[in-house]
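Here the structure is laid out as C-alpha cells; the discussion comes afterwards.
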Number of protein chains: 2
Amino acid sequence: MGTTTKESAIELTRLEEESIDYFVSFVQMFGLPKSIGQIYGLLFVSPEALPMDSIQTRLGISKGSLSQGLSLLKDLGAVTSHSLEGDRREHYRADLQVSRITNHFFENRLEPRLQNGKSRLSLMMDLIDESLDGFDDSAEVRTRVAALQKWHKRGGSIIPMIVKWLKR
Amino acid sequence: MGTTTKESAIELTRLEEESIDYFVSFVQMFGLPKSIGQIYGLLFVSPEALPMDSIQTRLGISKGSLSQGLSLLKDLGAVTSHSLEGDRREHYRADLQVSRITNHFFENRLEPRLQNGKSRLSLMMDLIDESLDGFDDSAEVRTRVAALQKWHKRGGSIIPMIVKWLKR
DNA sequence: GGTTTTGTTCATTTTTGTTTGAACAAACTT
DNA sequence: AAGTTTGTTCAAACAAAAATGAACAAAACC
C-alpha cells in the first residue's frame, strides 16, 4: 500500500519502482523523454485510474511535464482518460497496448525520414548521371548509390511488417 | 569537381551535399550524432579513400569530432582505414554495409535493455506474488505484467530476425 | 457573479549530449 | 636526436532537449 514519507512525496511501492524503471528504459530506447516512461510505468501497475495530482505527488514531477506527458500518451493511445462519478478530476489509466509506443517510433521517427530519403536517393542518381565530368570512377559511386537504394527499399518494406508483428 | 571557395573550406559537390544530408538524417533515426552522418555521407560518395585533414576541410568540423567519429565508424565496421604508398596519412573509405550502423542500434541500444528488462519483469512478478496485502485487484495487475512479459519476449525474438534481414 | 478546483501553455532553467581546440603522444623524416 | 607531421584525448564551450513553475484558461461549485 506504500508508506507515507515527507510531506510532499508519497513513497512508491517496490513494484511501482520496478515498473517505472522498466518503462523509463523502454521509452528511452525509442527516444522519448524519461517522464513519459515514469508516467506510463506508474499507471501500468495501478489497478485504478489515477488523477493528475496523485500521479504528480507519487512521481514528484512537475505539473507541466505531467500534463504534456499525459497528453502525448493519450495521443498515442497508450493511456485513456475517464471521468469518475462525484470527482471533478479526470482519471488516467494505462492501455495494455504497449505497442502504441513503439508504433509512434516507427511511424513518426522512421517512416517520414525513409520517405524523404527515397527521393533524395533518386536525386543523387540523377546528379551522378548528369555529371559527365570525365569521371573515371563515377561508375563506382553509381554502384554504391544503387546498392543503397536497394537496401533502402528493403528497409522500408520491413517496417510495416514489424509494426504488424508488434501489434497484437 | 567542386569549386574552391574561401581559404579554409572547400565547397562540396551537389552529390556530396545530398549524400551527407541523407546520412545525417539516417544516423539521427538511430540516435547517433550528426557528425557521424556527415563523415559517412562524404566517404560514401568518394571513390578514393580520404585522409583526415581532407575530410576536415571539406566538412568544416573539428579534428576532435572527426577523430572520434571515424573511430566509432571503424568500430562499427562502417569505415575501413588504409595506408597508401608514399603518404603518411591514413586514408578512410566507407564500407558499403550500411547495415553496420543499424546493427549497432539494435545490438547496443535495444538488446541490452531488453535483456535487463527481462529480469526486471520476473522480479515484478515475484513482487506481485509475495505481496499478500489482501489486494483485491492484484490479479488485474498480475494479468498486465504477464501480458507485458509475453509481448516483451516476442519483441526480443523479432530483433535477431530484423538484423538478419538487414544484413545482406 | 465570484470563487475554487483542475488542467494547459510557454518562457525560463536545468540537464544532457555534442563539438571544439589545445595539450599531448606516437610515428616518421632528415 | 631535434623537428615535423599525424592522430588522440579530454576539459571546457556550446547546443539541443526536457523539466519546471508561474501565468493563464476553462469548467464546476456555491
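Being a predicted model, the structure only gives us computed values, none of them experimental. Each chain gets a letter, A, B and so on, in the order its sequence line appears, and its residues count up from 1.
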Quiz item: Quick one: ring pair (Phe, Tyr, Trp, His ring centres under 6.0 Å) partners of B:Phe106, sequence neighbours excluded?
Solution: none

Residues 71-84 of chain B side chain polar contacts: donor-acceptor under 3.5 Å, at least two apart:
from: B:Thr80; atom 1: OG1; to: B:His82; atom 2: NE2; distance (Å): 2.8
from: B:Ser81; atom 1: OG; to: B:Glu90; atom 2: OE1; distance (Å): 3.2

Practice problem: Ignoring hydrogens and angles, tell me if any N or O in the side chain of B:Ser46 forms a donor-acceptor pair with the backbone of B:Leu42 under 3.5 Å. | Solution: yes

Show each protein N/O and nucleotides 10-16 of chain C N/O combination with a separation under 3.5 Å, one pair to a line.
from: C:dC10; atom 1: N4; to: A:Gln68; atom 2: OE1; distance (Å): 2.9

Quiz item: Using 30° and 60° as the class limits, which term best fits the ring planes of A:Phe26 and B:Trp151: parallel, tilted or perpendicular?
Solution: perpendicular

Quiz item: Is there side-chain contact between B:Val141 and A:Leu15, with heavy atoms separated by less than 4.5 Å?
Solution: yes

Quiz item: NA contact type, A:Leu66, heavy-atom cut-off 4.0 Å: base, sugar-phosphate, or nothing?
Solution: nothing

Return the polar atom pairs (N/O with N/O) between nucleotides 28-30 of chain C and the protein under 3.5 Å, or none.
from: C:dC28; atom 1: O3'; to: B:Arg88; atom 2: NE; distance (Å): 3.4

Quiz item: First contact, last contact: which nucleotides of DNA chain D are these for chain B, 5' to 3', heavy-atom distance under 4.0 Å?
Solution: D:dT4 to D:dC10

Quiz prompt | Of all pairs that satisfy side chain to side chain donor-acceptor pair (under 3.5 Å), the ones with a partner from residues 19-43 of chain A, not counting sequence neighbours | solution = A:Tyr22-B:His152

Quiz item: Would you find a donor on one side and an acceptor on the other, under 3.5 Å apart, between the side chain of B:Arg144 and the backbone of A:Phe44?
Solution: yes

Quiz item: Do any N or O atoms from the side chain of B:Arg93 and from the backbone of B:Pro47 form a donor-acceptor pair under 3.5 angstrom?
Solution: yes

Quiz item: Is there a donor-acceptor pair under 3.5 Å between the side chain of A:Thr102 and the backbone N or O of A:Ser99?
Solution: yes

Quiz item: When we call it a touch if two heavy atoms are under 4.0 Å apart, what does B:Ser71 touch: a base, just sugar-phosphate, or nothing?
Solution: nothing

